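No experiment lies behind these values; they were computed from the predicted model shown.
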Amino acid sequence: QVQLVESGGGLVQAGGSLRLSCAASGSIVNINTVRWYRQTPGKQRELVATITSGGSTNYADSVKGRFTISRDNAKNTVYLEMSSLKPEETAVYYCNADILGRGSWLFRSYWGQGTQVTVSS
């Protein structure tokens, strides 16, 4: 069984910084693309950042220059470093990853449970 667990969320003042982690565990052969999303009640889930197996990254325009996605393949962990946070970025942040499990022929998309980030004004 494969699972993703996000951590690092919490309460931070506007302008502050936070580092989120997404750790994969279980019978894992390989992890390809990993993505961070965020969702606020009443709004669509938004793609925040993406990192490929080769390390290429993409960001939503609204977070470019402030957020950094990275990965540590040896630890099966992906990070999202967030700085200069704004109150409107309060949301539940989710990790999504394409993972090949042991004994499987195909990659499958997995989701974590989410971690709450609250930015106060």
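- Under the rule for a side-chain hydrogen bond (donor to acceptor under 3.5 Å, both in side chains), Arg19 has no partner lying at least two apart in sequence or in another chain.
- Between the side chain of Ser121 and the backbone N or O of Pro87 there is no donor-acceptor pair closer than 3.5 Å.
- A single hydrophobic cluster is not seen to contain both Tyr94 and Val48; linkage of ILVMFWY side chains at heavy-atom distances under 4.5 Å, directly or through other members, places them apart.
- With hydrogens and angles ignored, the 3.5 Å screen pairs a side-chain donor or acceptor of Thr40 with a backbone N or O of Thr90.
- The side chain to side chain donor-acceptor pair (under 3.5 Å) pairs that include a residue from residues 42-55 are Arg38-Glu46, Gln39-Arg45, where partners are two or more places apart or lie in different chains.
- Heavy-atom minimum distance, Ile31 versus Ala97: CG2-CB, 4.3 Å.
- Shortest non-hydrogen contact noted between Ser21 and Thr77 is CB-CG2, 4.4 Å.
- No single ILVMFWY cluster, assembled from side-chain heavy atoms under 4.5 Å apart, contains both Ile28 and Phe107.
- For the pair Arg108 and Tyr110, the cation sits on the ring face: its NZ or CZ lies under 6.0 Å from the ring centre, inside 45° of the axis.
- Checked by atom type and distance alone, the side chain of Gln3 never pairs as donor or acceptor with a backbone atom of Gly26 at under 3.5 Å.
- No continuous path of ILVMFWY side-chain contacts below 4.5 Å connects Leu20 to Tyr37, so the two sit in separate hydrophobic clusters.
- Cluster annotation: Ile69 and Leu18 are assigned to the same hydrophobic cluster (Ile/Leu/Val/Met/Phe/Trp/Tyr, side-chain heavy-atom contacts under 4.5 Å, transitive).
- Taking each heavy atom of Ser120 and Leu11 in turn, the nearest pair found is CB-CD1, 4.3 Å.
- Arg102 places no side-chain N or O within 3.5 Å of a backbone atom of Val29 that could act as its donor or acceptor partner.
- By the 4.5 Å heavy-atom criterion applied to side chains, Val34 and Cys95 are counted as neighbours.
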